[in-house]
Structures are given as C-alpha cells and as structure tokens.
Visitor: 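Starting off with a structure, shown below.
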Amino acid sequence: MGKNQSRAKADFGCIDGTSKKIQNVYKLIARFAALDMPVLITGATGTGKEKCAEAIHTYSPRHEKDFVPFNCAAHTKDMLASALFGHIRDAFTGAFENRLGAITQAQGGTLFLDEIGDMPTEMQASLLRFTQDHNFQKLGSDKIIQANVRLICATNMDLEKQMKLGLFREDLYYRLNAAHIHMPALKERANDLVDIAYSLLEKICSEQEMITPEISQEAMNILLSYDWPGNVREVENVLQWCLSHHKNNIINVGDLPKDLGKHTIHKKQSPSALMKMPLREIERNAIMAVIDQCQGNIVEAAAILDIAPSTIYRKMHEWESR
C-alpha cells in the first residue's frame with residue numbers, strides 16, 4: 001500500500017475497510033490525488049463520496065488551500081448561479097452586497113460539486129464554459145476572472161441514463177469524467193463494517209471528548225445482520241444514538257435503536273427456514289428486497305415485480321398496521 005493510500009485509510013474512517021472494493025478506492029485516491037484533473041465520484045447516498053473527494057484534495061498538491069463543498073441541490077434554480085459564480089451589488093433585485101461565490105472561495109484549492117446530477121441544464125452550459133477555459137464572471141459584472149480550482153463532482157444518479165433522457169449534457173459529462181471513482185454500497189463490502197464502526201466511534205468520541213466504548217459481540221452481530229440501506233451515513237447516525245444511550249463504556253443490544261432490524265429482511269433464507277415462515281412473510285421479504293435493490297424507488301420496484309405501485313403502497317400500509 002502506497003503512502004497516500006495508507007494515509008487515506010487512516011484518516012478517513014468512513015471509507016475504512018479491507019475489502020477488495022474499498023482497497024481499489026484507496027488506490028484510485030492515491031493515483032488521482034497527484035493528477036490535477038476533474039474527478040467524478042459516483043455511488044449511492046451515504047457511501048462517503050464527499051469524504052472520498054476530501055481525501056483526494058488532502059493528498060494533492062492543493063492541500064494547503066481550501067476544500068470547498070458545494071451542494072448543487074441545496075440552492076434554488078434562480079440562486080444557483082449566484083452561489084457558484086458570485087455576484088456584485090445590485091446585480092439583481094435583493095442583491096444588497098457583493099457575494100464571492102464558491103469558485104472564488106476555492107481559489108487555489110478544490111471545489112467539490114455534490115449532487116451534480118441535480119444541476120439544471122442551463123447551469124450545466126455555464127459550468128461547461130467554465131471547465132473549458134477556467135474563466136467566469138460574477139453576476140452583474142463584465143470583469144472576467146481567471147480561476148485556479150480543481151473540480152471534483154459527485155452524484156448518486158446514473159448520468160448516462162440522464163443523458164439519454166436529455167437531462168444532463170453529454171459534453172459536460174465527458175469533461176467531468178476525466179477520472180472516475182465508484183463508491184461501493186456498504187452491503188457490497190459488509191466485511192468492512194467492524195472497521196467502519198470503530199473508526200466512526202473513535203471520530204465521534206474524539207469530537208465529543210468521550211471515551212470510546214466497546215461494542216458487545218451480541219450488538220455487533222445485529223449490526224452485521226442489517227443491510228444498511230443508508231450506507232455509512234446510517235452507521236454513523238446509529239452510533240450517535242448508541243453513544244447517547246450506552247452505559248459502562250460498552251454498547252449492548254439494548255442501546256441499539258429499537259427499529260434497527262425492522263427491515264433486515266434481505267439475507268438469504270435456507271429452504272428449511274422458508275418452510276417455517278407464513279406466506280405473507282415470504283411475500284413481504286421478496287417485495288422489500290426488490291425495493292431495497294431499487295434504492296427505495298417504488299415505481300421501479302413495481303415494474304420489476306410486474307405489479308402496480310399502488311399494490312406495493314397498500315401492502316406496506318398493511319405491514320405497518322400489523
């Protein structure tokens with residue numbers, strides 16, 4: 001393991017682990033950190049895309065400058081250009097003072113554009129022009145500013161599918177996808193959970209100035225049996241809950257959220273186990289497994305199951321009321 005690869009593993013616990021898939025991520029972080037080109041990071045929500053981007057910046061020649069995260073989905077369509085490029089006073093109604101914008105804040109460093117798939121197509125054209133010559137203008141200004149920033153973008157969307165639908169520009173996609181890292185879902189690297197859990201515990205406890213507790217084997221078995229649809233982010237949320245409930249520096253089963261295993265239904269059942277389950281439970285497990293495979297998209301799951309979405313919603317309501 002190279003120097004940068006080892007440091008990324010040590011410092012960014014939410015992407016910790018020894019599985020082959022996450023080891024490949026370490027290798028790509030180490031390789032791309034030295035290359036001053038755009039990087040596109042893909043993966044489901046909560047897999048650690050921002051931490052991956054931050055690791056690339058930390059071990060790049062730009063590490064002494066700022067890493068500026070910018071969520072494209074967190075701004076209204078009208079204010080997105082102002083937040084990204086900045087504006088001058090009186091550029092539009094309500095612009096009472098100058099605004100730097102994320103690009104200016106990231107000068108010399110790295111600009112991380114999260115949720116890039118949510119960027120409106122008209123703004124995609126502006127971003128494309130920026131990627132071509134690294135020049136931009138603040139809203140309301142004629143002055144051309146030369147930017148010195150590295151772009152790293154992330155999305156949980158299938159951008160190739162978005163391109164076919166006309167929702168994402170093909171030319172911008174190829175500009176941003178000069179280098180690519182895919183963050184695997186936690187269920188694809190379940191063996192990393194123990195490393196991730198303890199890395200996150202140490203981080204949270206360090207921030208809170210607490211003693212890092214142990215996790216009992218019984219509690220860990222429950223954590224290992226869960227599919228973590230919310231990925232690493234969900235692990236962190238669960239551990240924060242546990243830290244507010246545990247006693248005697250150990251996390252026991254009773255300290256876990258009560259509904260943690262509510263949707264832990266995706267593990268393969270042996271034929272003998274299925275024979276002992278009521279038909280309604282087998283049906284429920286099958287439907288929920290497909291919904292999880294579709295990352296919660298009911299319409300997509302219904303299409304795979306060849307049933308109406310309303311049928312799934314009705315059944316889910318029935319399950320909740322039991």
Visitor: Start with the C-alpha gap between Glu160 and Lys164, add the side-chain angles, then the distance that decides, and say whether salt bridge (charged side-chain N to carboxylate O under 4.0 Å, His left out) holds.
Guide: CA-CA 6 Å; Glu160 292 188 2; Lys164 292 177 182 178; 5.9 Å; no

Visitor: Show me the donor-acceptor pairs within less than 3.5 Å that the side chains of residues 126-135 make with the rest of the protein, sequence neighbours left out.
Guide:
unit_1	atom_1	unit_2	atom_2	d
Ser126	OG	Arg129	NH2	3.2
Thr131	OG1	Leu128	O	2.7
Asp133	OD1	Asn135	N	3.0

Visitor: Would you say the side-chain atoms of Trp228 pair up with the backbone N or O of Ala185, donor to acceptor, closer than 3.5 Å?
Guide: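 It does not hold such a pair.
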
Visitor: With a 4.5 Å heavy-atom cut-off, do Leu256 and Leu223 have their side chains touching?
Guide: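 In short, these two side chains touch, coming nearer than 4.5 Å.
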
Visitor: For side chain to side chain contact (heavy atoms under 4.5 Å, CB included), just list the numbers for Arg62 and Asp36, CA-CA rounded to whole Å, side-chain angles, deciding distance to a tenth of an Å, and then say yes or no.
Guide: CA-CA 9 Å; Arg62 296 177 177 270; Asp36 202 30; 2.9 Å; yes

Visitor: Quick check: do Glu234 and Tyr226 have side-chain heavy atoms less than 4.5 Å from each other?
Guide: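 They are in side-chain contact.
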
Visitor: Between Val25 and Leu28, is the side chain to side chain contact (heavy atoms under 4.5 Å, CB included) condition met? List the steps.
Guide: CA-CA 5 Å; Val25 169; Leu28 293 176; 5.7 Å; no

Visitor: Starting at CG of Leu151, measure out to CG of Leu40 and round the result to the nearest 0.5 Å.
Guide: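 The distance works out to 11.0 Å.
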
Visitor: Let me see the working for Glu214 and Tyr198 under side chain to side chain contact (heavy atoms under 4.5 Å, CB included), right down to the final yes or no.
Guide: CA-CA 8 Å; Glu214 294 292 323; Tyr198 276 108; 3.4 Å; yes

Visitor: Give a yes or no on whether the backbone of Asn148 and the side-chain of Gln107 come within a donor-acceptor separation of less than 3.5 Å.
Guide: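 Judged by distance alone, yes, a pair lies under 3.5 Å.
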
Visitor: Distance-only, no hydrogens or angles: does the Lys49 side chain make a donor-acceptor pair with backbone N or O of Ala44 under 3.5 Å?
Guide: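 Yes.
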
Visitor: Check whether any side-chain N or O of Asn71 sits under 3.5 Å from a backbone N or O of Glu115 as a donor-acceptor pair, and report yes or no.
Guide: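 No.
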
Visitor: I would like to know whether Asp192 and Ser19 meet side-chain hydrogen bond (donor to acceptor under 3.5 Å, both in side chains); could you show each step before the answer?
Guide: CA-CA 6 Å; Asp192 290 338; Ser19 66; 2.6 Å; yes

Visitor: Could you tell me if the side chain of Cys205 sits less than 4.5 Å from the side chain of Pro213, heavy atoms only?
Guide: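 SC-SC contact between Pro213 and Cys205 confirmed.
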
Visitor: Show me the donor-acceptor pairs, under 3.5 Å and distance only, between side chains in residues 239-247 and residues at least two apart or in other chains.
Guide:
unit_1	atom_1	unit_2	atom_2	d
Trp241	NE1	Asp255	O	3.2
Ser244	OG	Trp241	O	2.7
His245	ND1	Trp241	O	2.8
His246	ND1	Leu243	O	3.1

Visitor: In a check of side chain to side chain contact (heavy atoms under 4.5 Å, CB included) between Thr121 and each of Gln124, Met119, Met123, which one passes?
Guide: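 Result: among Gln124, Met119, Met123, Gln124 is the only option passing the side chain to side chain contact (heavy atoms under 4.5 Å, CB included) with Thr121.
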
Visitor: To the nearest 0.5 Å, tell me how far Cys153 SG sits from Leu159 CG.
Guide: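 Reported to 0.5 Å precision, the distance equals 9.5 Å.
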
Visitor: Verify side chain to side chain contact (heavy atoms under 4.5 Å, CB included) between Ile196 and Leu186, making sure each step is shown before the conclusion.
Guide: CA-CA 10 Å; Ile196 291 169; Leu186 188 51; 3.6 Å; yes

Visitor: So how far is it from Ile56 CD1 to Arg31 CZ, rounded to the nearest 0.5 Å?
Guide: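 These two atoms lie 11.5 Å from each other.
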
Visitor: Under the salt bridge (charged side-chain N to carboxylate O under 4.0 Å, His left out) rule, what do Arg233 and Glu236 come out as? Steps first, then yes or no, please.
Guide: CA-CA 5 Å; Arg233 186 177 302 163; Glu236 185 167 11; over 6 Å; no

Visitor: Do side-chain atoms of Arg150 reach the backbone of Met37 as a donor and acceptor pair under 3.5 angstrom?
Guide: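 Judged by distance alone, yes, a pair lies under 3.5 Å.
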
Visitor: Main chain of Ile251, side chain of Ser216: is a donor-acceptor contact present, judged purely on distance under 3.5 Å?
Guide: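 Yes, because the side chain of Ser216 sits within donor-acceptor range (under 3.5 Å) of the backbone of Ile251.
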
Visitor: Are the side chains of Ile312 and Leu305 in contact, using a 4.5 Å heavy-atom criterion?
Guide: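 SC-SC contact between Leu305 and Ile312 confirmed.
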
Visitor: Please state whether the rings of Phe168 and Tyr173 are parallel, tilted or perpendicular, taking 30° and 60° as the class boundaries.
Guide: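 Because their plane-to-plane angle is over 60°, the rings of Phe168 and Tyr173 count as perpendicular.
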
Visitor: Would you say Ile116 and Ile152 are hydrophobically clustered, going by side-chain heavy atoms of ILVMFWY under 4.5 Å?
Guide: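 As far as the 4.5 Å side-chain criterion goes, Ile152 and Ile116 are not connected within one cluster.
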
Visitor: Is it the case that the side chains of Thr58 and His63 hold a donor-acceptor pair, with the cut-off being a distance below 3.5 Å and no angle test?
Guide: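 No donor-acceptor contact under 3.5 Å links the two side chains.
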
